[in-house]
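Structure below; questions to follow.
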Amino acid sequence: MSEQQQRFEPVSSRVNFPKLEERVLEQWQAEDTFHKVDEVRAKAPLFVFYEGPPTANGSPGIHHVLSRSFKDVVLRYKTMQGFRPLRRGGWDTHGLPVELEIEKELGLQSKHEIESFGIEEFNRRCRESVFRYVQEWQSMTDRAGVWLDMDNAYVTYHKSYVETAWWVFKRLWDDNHVYEGYKVTPHCPRCVTSLSSHEVALGYKDNTPDPSVFVRFPINQQPSTEHGASIAVLERLGYVNGTWVTTRPSFMAWTTTPWTLTANMALAVSPAVRYVLMQSLEPYERVLLAEELAKSVLGEGWTVHDTFDGAELLGIGYEPPYRGEGLTEHTHRVLAATYVTTEDGTGIVHTAPAYGAEDAELGKEHNFPTIHTVDLRGVIQGDFPGEGKFVKQADKEIIADLKQRGLLFKDGIIKHTYPFCWRCSTPLLYYAKASWYIQTTAVKTKMVAGNRGINWYPDHIKEGRFGEWLRNNVDWAVSRERYWGTPIPIWRCDACDSVRCVGGSDELAELATPETKHLVANLDLHRPFVDQIEMTCTDCGSAMHRVPEVADAWYDSGAMPFAQWAYPFTVNGSNGKPISINNPDELIASDLFPAQYITEAVDQTRGWFYSLLALSTLIADQPSYQNVIVLGLILDGKGEKMSKSKGNVVNPWEVMNEQGADALRWYLFTSAPSSLPRRFSAELVGESLRRFMLTLWNTYSFFVTYANIDGFDPEGHAAYWSGDIGGSSLSSAPPNELDRWVISELNELVANVTADLDAYSPTDAGRRVEEFVDQLSNWYVRRGRRRYWRPLGGDDGNSSDYDKTWAYVTLYSCLFTISKLIAPMTPFLADTIYRNLAPKSSPDSVHLDDFPQPDSSLIDDDLDKAIRLAMRIASLGRAARSKGKIKVRQPLARVIVRARPEEAQYLNTITDQVLEELNVKALEVTDDDAFASFKLRPNLPALGPKYGKQVGAIRAALQDADAGAIAAQLRDGNCVTVGEFTLDQTEILVDVEEREGFVVSIDSSGGLMVGLDIDLTLELEAEGIAREIVHRIQNARKSAGLEIEDHITAYVDGASDAVAAALVAHDSYLRQETLSDDIRLESAPVSAYSEEQDIEGVKLTLGVVKSS
RNA sequence: GGGCCACUAGCUCAGUCGGUUAGAGCGCAGUCCUGAUAAGACUGAGGUCCCAAGUUCGAUUCUUGGGUGGCCCA
């Protein structure tokens, strides 16, 4: 090798990707590449991204790398497509999980204990804990090559954030979209706290025994028709002309929680179910219940007296077992409810709006009051049996009371699954609590309409999971009786209960009493500080205090489009013009809203995806995002969800340190469609690394090695490109068809990858790149590699140089273009290759460059088809060699190919490649049946629609027909008569079948046959031997540790006559291939590297000595 | 109980707008090739395309029902 400066940094085929990535990170750091993007794209249109904020109170797992990678890939792509991404990060800092973590640390068992401990200190610890792992999150994000603006990340507990959250709340309040209502939540009477659904899920116990009671609800003594009961129905029940002509019937209802009977307000039936009036004679009694359940509930001795539709029973009043205080007259009647089934019970459902979620919904629908008969400790209050006792004890007394009053029909014990408190194992009660609601149902139609305009990837989420959720929308219970969260900004009068909503700290200062006003200036808006602020009631002059609740953490993240900005602020807008924004309304009008892109995992459907849509529809009358990728969950190797408690969380650091971030990213992008749940395993990351990254790397290493040897410099050949040097657009199609082919495929690849990424599918994009790289390495380079070895200025002078230059130009274009195509996906590998290959005029980093544009004039479909045919022929030819047990090294005289006409036209183009690939001297095209016989098959897609049921008959007729004759007729373009049918060439497929005596391979589905002539002449044999010796010498060179470009003297000792003859006959070939200055038939000097060899059973000694 | 998704080779996944002999990679067995390669080629073993019914000349593909698994909700 000469001493001259090499154009490219040498690239070893041995590569350590993690190390390489760390070097790239250092470069990015040193050059501040991330911020350079903003400079380069200063005048570009914005691409707005919203980050769904994670909580940093735990270590990031592999699933976080997944979502961050998907965030990053789109943003990098859009950057290269000429946008300036707005990609501020964010942190979710409030909420129950944070509180639970601290409770656990402090050993606190209940809300009561938290309050004794002190809310101030408790919240201080919560705030401290949420950034406990922030460092790890930062470094994970950096190391994974994810570019998010973490320095300016929004934080949901920041004062400006909370203030905007209040602003949003006030806006909803002013629009009358906030109200107070009851919400039934799972409640632990011992801890005196509600549990989140996640906590409830922790505590289900199977086979829990509970009472099962069937209770009579007699129809009113004087039923009215006021609520829709019809006279006719009442008459059929026995109430005629204002009097009961027979015993009053009872509705029969079932419950497993007798204590809730104290709060019964209604009975629910299904309008769609059939009900029967049953009658027994001993003793005489009449009851109503669902027809389907009558027998199993009542047993023997009952007869059907009448039948009703559920709808006919609506509005009939009844006497409840217990009538508490404060109940209005319109309660205690039969209502319609969709949740009534005939699965169990009686088909008539006892409804207590205070103690059941569905009950509460129904009560709300009919404006029933919510009245508690049990306190938060689960103790019966009021004049009921079991008063002062815990509900589970009270149950016994209530059952006894019902029995004594003749209302109990029967009772027993049922075993079912019931939730218990995960902390203290107390059975949970469903309990209605006052809660603040956001009236999302007011904009339900708008949300549904807005959703239609959002592009969901995958598409089925739009009308499926998410659309379904929207269509079933209920108002959002947004308040939580907790501590660490955005305080609900409502103050209530101690005396008259009038309420007022506050939209920010200025307003708070205005409204605060003179005594508390001074606190507002530097106020932490969190509890307990904000609770010190008092106001004066304008209605009655009494003191007003803030309500105790804080907001659901989903409210925080849903308000993020507005709250992430601390007003006022100024940013560099599209076209480089600064835009200043003072409040959320200006924001909504600007191009910072809505987001063009968001992505999170599928569990956010009812979480962030929903809270974003709900709040922005309410506030801005439109969705706040336009495109969303929904990611599937990552499971462990066994297909189980990763969770801290199971201890099966894969630490991303292990993978990134072992195999690198690019390998991990590539795996995450390409291994499965992004929306599917996927099993994660480090082995599969390794596989994708070997299959893709290593193959690309080796191709790249090959190029650099030879380009340096030959001093190839792309800038010296600028005229070869019509666009940027090194791009996929050449000034003319290459003369060599291998080059022309790969350039055609490259441009097709560019077009397809662009389309895939535009469609938010890195998965498809990556898979295409992978396929191209495979073909580039295993066909283009393998087929063409000799072109790079030819000595410069060799025997054939200029033409060799010319071909070689084209080879370099082509391979260079491919590699350089790929470095840009993969830049969004594997940013490190891409930048490494890019920086080494790039022309001097290029930007410093691939991430500052533009995405490639396809040149459709260079796409040649026919050539693509021809090469694919060559690949298939080569494959069949090798199969034939394998069958004939003839090494590829042994040249053969001819290959015979038969193809269908539509493919035969390409054979000319690819002859040379096939000959070289198969190591044969000549290719013959045949269409006679010398090497094969024929078989006919119906072309079903053509025949089916035309002949329908007759297809079977045609198939049979074709089997009996003279295949050879028909094939010949079809070849001439004639129609043929088969049985009763006249068919043309589009309706019959002619296959070839192997015939004995030839070494052939068949691809019958393509009608393709490849045969080999295996007769060996002496010449062919000698050539085979020569090749064999080349192979051996090459191995010896390798073993001797010689460099590729070293010249040698070779020694062959002990050659047989045949070997010696071959050496003479192919002397120049041998010397050229092995870079031998001389080949001597004598023993090697003692100093030489030598080894024993065995060729065709003859032992000889090979030696190599480096020429001086 | 409801909604959505998935189910194709030992594993991870393609694919089939309904068509004849359903593919790839990895893994396994064997043969070969190689002066870029941690590679590559070929052969082989390995599939009731989850099950059933329906529509159809024809269903792995469409429809319905069921099963299993995942997520969400109750």
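Since we're looking at a predicted model, the values are computed, not measured. Residue numbering restarts at 1 for every chain, and letters A, B, ... go by the order of the sequence lines.
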Could you label the plane-to-plane angle of the Tyr706(A) and Phe702(A) rings as parallel, tilted or perpendicular, counting under 30° as parallel and over 60° as perpendicular?
->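 Tilted, since the angle between the ring planes falls between 30° and 60°.
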
Have a look at Ser688(A) and say if it touches a base, only the backbone sugar-phosphate, or nothing, with a 4.0 Å heavy-atom cut-off.
->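 Nothing, no nucleic acid heavy atom in range.
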
Which nucleotide in C57(B), A14(B), C71(B) has an atom nearest any side-chain atom of Lys949(A) |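 Shortest atom-to-atom distance from the side chain points to C57(B).
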
Check every strand shown and say whether Pro419(A) touches a base, only sugar-phosphate, or nothing at a heavy-atom separation below 4.0 Å.
-> nothing

Euclidean distance, atom CD of residue Gln890(A) to atom C1' of C32(B) [Å, nearest integer] |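 Computing the Gln890(A):CD to C32(B):C1' distance gives 14 Å.
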
Can you tell me how far P in G15(B) sits from the matching atom in A24(B), rounded to whole Å?
->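 One P to the other, the span is 15 Å.
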
Please measure how far the C1' atom in A6(B) lies from the corresponding atom in C50(B), and state the result in whole Å.
->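 Here A6(B) and C50(B) have their C1' atoms 11 Å from each other.
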
Do Phe466(A) and Trp469(A) make the cut of ring centroids closer than 6.0 angstrom?
-> no

For the residue pair Phe609(A) and Trp456(A), is the inter-centroid distance of their aromatic rings smaller than 6.0 Å?
->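 That pair passes the under 6.0 Å test.
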
Counting N and O atoms only, with roles assigned by atom type, does the side chain of Asn939(A) sit under 3.5 Å from a partner on the main chain of Ala942(A), one being a donor and the other an acceptor?
->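 Absent.
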
Examine the base of C42(B) for any acceptor or donor lying under 3.5 Å from a partner atom in the side chain of Arg878(A), and report the outcome as yes or no.
-> no

Which of the following nucleotides, G19(B), U37(B), G3(B), is nearest to the side chain of Arg465(A)?
->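 Nearest nucleotide to the side chain: G3(B).
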
Round to a whole Å and report the spacing from CG of Leu470(A) to C1' of G2(B).
->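 Rounded to whole Å, this separation is 16 Å.
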
In whole angstrom, give the distance that lies between atom CZ of Arg768(A) and atom C1' of A24(B).
-> 16 Å

Quick one: Leu943(A) CG to G18(B) C1', roughly how many Å, whole number?
->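 Atom CG in Leu943(A) sits about 15 Å away from atom C1' in G18(B).
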
Does A74(B) have a Watson-Crick or wobble partner in any strand here, with both distances under 3.5 angstrom, and which is it?
->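 By the stated definition (distances under 3.5 Å), nothing pairs with A74(B).
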
Whole angstrom is fine here: how far is it from CD in Glu771(A) over to P in G15(B)?
-> 12 Å

Under 4.0 Å between any heavy atoms, over every strand shown, what does Ser671(A) touch: base, sugar-phosphate, or nothing? Just pick one.
->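 Counting heavy atoms under 4.0 Å across all strands, the contact made by Ser671(A) is with sugar-phosphate only.
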
For atom C1', what is the distance between A29(B) and G70(B), given to the nearest Å?
->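 Straight-line distance between the two C1' atoms is 36 Å.
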
Answer yes or no: is there an ion pair linking Glu1028(A) with Arg1032(A), defined by an N-O contact shorter than 4.0 Å?
-> yes

Whole-angstrom distance between A38(B) and U48(B), as gauged at atom P =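 The same atom, P, in both gives a distance of 37 Å.
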
Of Trp666(A), Phe772(A), Phe17(A), which meets ring pair (Phe, Tyr, Trp, His ring centres under 6.0 Å) against Phe692(A)?
-> Trp666(A)

In Watson-Crick or G-U wobble terms, both distances under 3.5 Å, what is the partner of G69(B)?
->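 Because both required distances fall under 3.5 Å, G69(B) counts as paired with C5(B).
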
Quick note, Arg691(A) side chain, CB onward, closest among G25(B), G19(B), A36(B) is G25(B)

In the structure shown, which nucleotide is the Watson-Crick or G-U wobble counterpart of C49(B), with both distances under 3.5 Å?
->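 Checking every strand shown, C49(B) finds no partner, since no pair has both distances under 3.5 Å.
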
Send over the distance from Tyr780(A) OH to A41(B) P, rounded to a whole Å.
->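 Those two atoms, OH and P, are 19 Å apart.
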
If we take the P atom in both G46(B) and A22(B), what is their distance in whole Å?
->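 Looking at atom P only, G46(B) and A22(B) are 14 Å apart.
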
Closest to the side chain of Arg606(A), out of G25(B), C72(B), A38(B), is C72(B)

With under 30° as parallel and over 60° as perpendicular, where do the rings of Phe8(A) and Tyr812(A) fit, or are they tilted in between?
->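 Plane angle between 30° and 60°, so tilted.
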
Upstream residue (5' side of RNA chain B) when His460(A) and Val602(A) are each assigned their closest nucleotide =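 It is His460(A) whose nearest nucleotide is closer to the 5' end.
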
Rounding to a whole Å, what distance do you find between Asn473(A):CG and C72(B):P?
-> 20 Å

Which nucleotide, G19(B), A36(B), G25(B), lies nearest any side-chain atom of Val951(A)?
-> G19(B)

May I ask you to verify if any side-chain N or O of Arg767(A) is less than 4.0 angstrom from the OP1 or OP2 atom of A14(B)?
->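 Checking A14(B) against Arg767(A), a side-chain N or O does come within under 4.0 Å of OP1 or OP2.
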
Are Glu468(A) and Arg606(A) ion-paired here, with the side-chain N under 4.0 Å from a carboxylate O?
-> no

Applying the 3.5 Å cut-off to both distances, the Watson-Crick or G-U partner of C13(B) turns out to be G23(B)

Minimum-distance nucleotide to Leu684(A) side chain [options: C72(B), U12(B), U20(B)] =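 The answer is U12(B).
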
Does C62(B) have a Watson-Crick or wobble mate here (both distances under 3.5 Å), and if so which one?
->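 Per the H-bond distance test, G54(B).
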
Identify, between Asp764(A) and Leu776(A), the residue whose nearest nucleotide on RNA chain B lies closer to the 5' end.
->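 The 5'-side residue here is Asp764(A).
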
Euclidean distance for C1', A39(B) against U56(B) (whole angstrom) =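 Pairwise C1' distance, A39(B) against U56(B), rounds to 49 Å.
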
Spacing of Glu468(A) atom CD relative to C71(B) atom C1', expressed in whole Å = 15 Å

Phe702(A) has a side chain; which of U20(B), A36(B), G70(B) sits nearest to it?
->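 Ranking U20(B), A36(B), G70(B) by closest atom to the Phe702(A) side chain puts A36(B) first.
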
Answer with yes or no whether Ser777(A) presents, from its side chain, a donor or acceptor under 3.5 Å of a partner atom in the base of A36(B).
-> yes

For Pro458(A), answer base if it contacts any base atom (sugar-phosphate contacts may also be present), sugar-phosphate if it contacts only those atoms, and nothing otherwise; contact means non-hydrogen atoms under 4.0 Å.
-> nothing

C1' spacing across the pair C49(B) / C13(B), given as an integer number of angstrom = 14 Å

Go ahead and name the base partner of A29(B); Watson-Crick or wobble counts if both distances stay under 3.5 Å, otherwise write none.
-> U43(B)

Do we see a donor-acceptor contact under 3.5 Å between the side chains of Asp359(A) and Tyr430(A)?
->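 No, no side-chain donor-acceptor pair sits under 3.5 Å.
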
Separation between the P atoms of C11(B) and G2(B), rounded to whole Å = 31 Å

Describe the nucleic acid contact of Asn472(A) in one word from base, sugar-phosphate, nothing, applying a heavy-atom distance below 4.0 Å.
-> nothing

Measure from the side chain of Tyr706(A), starting at C-beta and using heavy atoms only, and say which of A38(B), C71(B), A36(B) lies closest.
->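 Between A38(B), C71(B), A36(B), the one nearest the side chain of Tyr706(A) would be A36(B).
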
Arg690(A) (side chain) and C26(B) (base): donor-acceptor pair under 3.5 Å |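 Per atom types, no contact qualifies.
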
